[in-house]
*Asks:* 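Dumping the structure here so I can ask a few things about it.
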Amino acid sequence: MWIYYLWQFLSASTDKKSSPKVIFWFTLSLTFAALYSILALQQVFRGEYVVQDDARQHVFWMRRFLDPELFPQDLIADYFQSVSPLGYTTVYKLMAGVGIDPIWFSKLLPVILGLITTGYCFGVCLQLLPVPMAGFIASLLLNQSLWMQDDLGSATPRAFLYPLFFMFLYYLLKKSSALVNLSLALIGLFYPSFIFIAVGILVLRLWDWESWQPRLSSNRHDYLLCATGIGVALLVLLPYALSSSEFGPVITVAEARTLPEFEAGGRASFFHDDKFWRFWFSARNSGIRLSLNPASLGASFLLFMIPLYPRQFPLVKQVNREVRLLLQILVCSLIMFFIAHALLFKLHLPSRYTMHSLRIVLPLAAALALTLILDGLLYAGLNKKRSLLAVVIVAIISTVTVFYPSLFWQKYFPNPGYRIGTVSPLYEFFQQQPKDILIASLAEEVNNLPVFSQRSILVGSEYAIPYHIGYYRPFRRRVFELIQAQYSQDLADVSNFIQKYDIDFWVLEQGTFTPQYIADLRWFKEFAPTQDALANLKQGITPALSKVIDKCSVYETGRFTVLQADCILKTPPN
């Protein structure tokens, strides 16, 4: 008898949103979402100088909202401000308007977005299968998947995609036209490229399939919703289409193929011509990105097999035919994936149209499959001879599902991609300098100065984003000239460089003028002057800049030395 009550508790369906069972499973879903968020917060608030990796690009410039004097005439700050979606920028601007620091806000924002995503995910799953436990499993797997990656934790535009797209799916299933259109508009304002997938779903829903034969929908609501959705999408995307960016145009395929940055191992690695599987399926920028949570991936495939055995899995009869929505998402994502490849790089990176969709679809599909399996096992366990075996298998599946990150990922979960600044004296030194200074350096540590010191840098590997010619050509030229100046034998070359870009400080790292230093710094190996510098150092040729370190050093900490540019200018060439 006890197994019957367990069966009823776990897999009995309900149509009442406020039933104790729904409230229990929904609360448990939010609890796990909050737990994962707390684990992430423990990482990000472990010290003063901790920031998410991509926030160094997309959030640092927003401190202009608090202090307009920061980052004046800054190429890097201006570029990342120009590519930020309107909705995303507005949220941070509103927070800054009440005195909330954008970097601090970016650390808390994933918690809020994660809870909203969990709530809508639970609701979507309940529309597909009215079993509260399925909603819990879906939200659990989704949160595990999100915190194994850095999307949600980044607090960048893609972090907003998950709550907004689940919002769209939920109201689509609820047939609420006004809220579907609202969510469409929000998707366009925060993550514009995904609005194509959302509209594509509305178009696909105009077709029904019966006996594998397509026919047009007879539901007038579908046509009206599709028409209004397309209208909303056009309205939202129109400003993007009409506006002209000072950093355009987008790089062409022909030009990208000439840059080592786009080769395998480059900063924007894309072309893997000799590796078919990697290029189309697993590569970060060009592939479908199948390298996701293997637990969700494996369990989701079972959803296609279970309906073949309705006697063993009786709950399958309660799966709503709207489960087709999962397939519609995948179809639209794949269509956009191939369109993005065909129009490379006009619709940005193809992988962005599939990787997020898979993280949304797979947890839902896996949750439905696992719920049907658990129900089937307990149903079989009603036979006393099988009850113990059924309970043991159910316990194993449940344990693996809940504790999957701890069992298989251990110290790598959660993995939101936080970066810890380790040179606080350097950050504090530059914080005390005027707000309009410009810092030149080839050291990786310079990537942290805009976010931790709120001061402009000439170049940095984190900001070497090569998709817009108007930004990347001058950026790349700066790197070329910085390498040439830093390793030049003639101090006049250094002085000319300082005057050209109005440099105030030059940061040198210990070992800068050794061949090994150049060999170990990966990001500027892609630039031709690096090889010339390396050859000169191997021949024992001393760069002119190394000769003024003692005279022009104004600050030293750890492995870093800061040179004052004015001092270099006043030093006569040898």
Side-chain angles (χ1 to χ4, degrees), residues 13 15 120-131 134-135 137-139 141-142 162 165-177 179-181 183-184 187 194-230 288 296-297 299-310 313-338 353-354 356-373 375:
S13 62
D15 294 327
Y120 276 115
C121 175
F122 186 92
V124 168
C125 194
L126 222 59
Q127 296 297 312
L128 302 179
L129 178 63
V131 175
I137 296 175
S139 63
L141 293 177
L142 175 67
Y162 292 96
F165 196 72
F166 269 106
M167 175 185 175
F168 166 76
L169 298 178
Y170 178 76
Y171 292 119
L172 181 62
L173 292 171
K174 296 289 288 184
K175 302 186 185 304
S176 176
S177 300
L179 293 175
V180 166
N181 288 321
S183 58
L184 266 176
I187 290 171
F194 232 69
I195 201 170
F196 295 112
I197 293 177
V199 171
I201 292 170
L202 298 181
V203 174
L204 283 185
R205 291 174 71 83
L206 298 180
W207 298 86
D208 284 332
W209 290 79
E210 289 187 0
S211 302
W212 297 99
Q213 295 294 322
R215 65 177 181 84
L216 285 171
S217 171
S218 58
N219 190 336
R220 181 175 175 272
H221 175 267
D222 292 337
Y223 294 93
L224 181 61
L225 185 58
C226 182
T228 56
I230 292 175
I288 293 174
S296 295
L297 183 62
S300 61
F301 282 120
L302 296 176
L303 187 61
F304 295 98
M305 302 175 59
I306 291 174
L308 302 176
Y309 305 95
F313 303 100
L315 193 61
V316 74
K317 299 175 183 177
Q318 295 194 43
V319 176
N320 193 313
R321 72 183 298 267
E322 287 290 2
V323 73
R324 62 183 176 147
L325 179 60
L326 303 184
L327 184 59
Q328 291 167 349
I329 297 172
L330 292 179
V331 169
C332 291
S333 300
L334 285 172
I335 290 173
M336 287 307 305
F337 172 81
F338 289 112
Y353 294 96
T354 50
H356 300 300
S357 296
L358 287 171
R359 290 193 188 126
I360 290 168
V361 169
L362 293 184
L364 289 170
L368 296 177
L370 289 173
T371 301
L372 297 176
I373 290 171
D375 175 78

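This chain uses plain numbering: 1 for the first residue, then up along the sequence. The figures that follow rest on heavy atoms only: side chains count, while hydrogens, waters and symmetry mates do not.
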*Asks:* Could you tell me if the side chain of Phe194 sits less than 4.5 Å from the side chain of Met336, heavy atoms only?
*Replies:*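 The answer is no, as the side chains (C-beta and beyond) never meet within the 4.5 Å cut-off.
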*Asks:* What is the distance from atom CZ of Phe165 to atom CG of Leu172, rounded to the nearest 0.5 Å?
*Replies:*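 Here the rounded value is 9.0 Å.
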*Asks:* With a 4.5 Å cut-off on side-chain heavy atoms, are Ile288 and Leu334 touching?
*Replies:*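 Sidechains of Ile288 and Leu334: in contact.
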*Asks:* Quick one: does Leu326's side chain get under 4.5 Å of Leu128's, heavy atoms only?
*Replies:*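 A side-chain contact exists here, since the closest heavy-atom pair is under 4.5 Å.
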*Asks:* Tell me the closest heavy-atom pair linking Val203 and Cys226, and the distance in Å.
*Replies:*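 Taking every non-hydrogen atom into account, CG2-SG, 3.8 Å.
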*Asks:* State, to 0.1 Å, how close Leu372 and Phe313 come at their nearest heavy-atom pair, and which atoms those are.
*Replies:*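 Leu372 and Phe313 have their closest heavy atoms at O-CD2, 3.3 Å.
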*Asks:* Report the residue from Leu184, Leu173, Ile197, Asn181 that forms a side chain to side chain contact (heavy atoms under 4.5 Å, CB included) with Phe168.
*Replies:*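 That would be Leu184; it is the only one of Leu184, Leu173, Ile197, Asn181 passing the side chain to side chain contact (heavy atoms under 4.5 Å, CB included) with Phe168.
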*Asks:* Minimum heavy-atom separation for Leu302 to Ala369, with atom names?
*Replies:*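 In terms of heavy atoms, the two residues are closest at CB-CB, 4.1 Å.
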*Asks:* Give, for atom CD1 of Ile201 and atom CG of Leu206, the distance between the pair rounded to the nearest 0.5 Å.
*Replies:*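 Reported to 0.5 Å precision, the distance equals 12.5 Å.
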*Asks:* Give me the atom names and distance for the closest heavy-atom approach of Ala367 to Cys125.
*Replies:*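 Smallest interatomic distance, heavy atoms only, reads CB-SG, 4.4 Å.
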*Asks:* Working to the nearest 0.5 Å, report the span between OG of Ser176 and CG of Leu225.
*Replies:*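 Going from OG on Ser176 over to CG on Leu225, the span is 9.5 Å.
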*Asks:* Check Leu179 against Met167 and note the closest heavy-atom contact, atom names and distance.
*Replies:*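 For Leu179 and Met167, the tightest heavy-atom pair comes out as O-CE, 4.5 Å.
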*Asks:* How far does CD1 of Ile306 sit from CD1 of Ile373, to the nearest 0.5 angstrom?
*Replies:*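 Separation between the atoms: 4.0 Å.
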*Asks:* Could you give me the CA-CA distance, side-chain angles and deciding distance for Leu364 and Phe166, then say whether side-chain contact (heavy atoms from CB on, under 4.5 Å) is met?
*Replies:* CA-CA 11 Å; Leu364 289 170; Phe166 269 106; 4.0 Å; yes
*Asks:* Got Tyr120 and Tyr171 here, is their nearest side-chain heavy-atom distance under 4.5 Å?
*Replies:*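 Yes, side chains in contact.
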*Asks:* Below 6.0 angstrom between ring centroids: does that apply to Phe122 and Tyr170?
*Replies:*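 For Phe122 and Tyr170, the ring centres are not under 6.0 Å apart.
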*Asks:* Mind checking the CG-CG spacing from Leu303 to Leu370? Nearest 0.5 Å is all I need.
*Replies:*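 Going from the CG atom of Leu303 to the CG atom of Leu370 covers 10.0 Å.
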*Asks:* Minimum heavy-atom separation for Arg205 to Leu325, with atom names?
*Replies:*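 Arg205 and Leu325 have their closest heavy atoms at NH1-CD1, 3.9 Å.
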*Asks:* Would you give the length of the straight line joining atom CG of Leu358 to atom CD1 of Ile329, rounded to the nearest 0.5 angstrom?
*Replies:*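 If we round to the nearest 0.5 Å, Leu358:CG and Ile329:CD1 are 10.5 Å apart.
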*Asks:* Report the C-alpha separation of Leu315 and Thr371 in whole Å, then their side-chain angles, then the decisive distance to 0.1 Å, and conclude whether the side-chain contact (heavy atoms from CB on, under 4.5 Å) test is met.
*Replies:* CA-CA 9 Å; Leu315 193 61; Thr371 301; 3.9 Å; yes
*Asks:* Under 4.0 Å between a Lys/Arg side-chain N and an Asp/Glu carboxylate O for Glu322 and Lys174?
*Replies:*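 Looking at Lys174 together with Glu322, the answer is no, because their closest N to O distance does not fall below 4.0 Å.
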*Asks:* Does the side chain of Ser177 reach to within under 4.5 Å of the side chain of Thr228, using non-hydrogen atoms?
*Replies:*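 No; the side chains remain at least 4.5 Å from each other.
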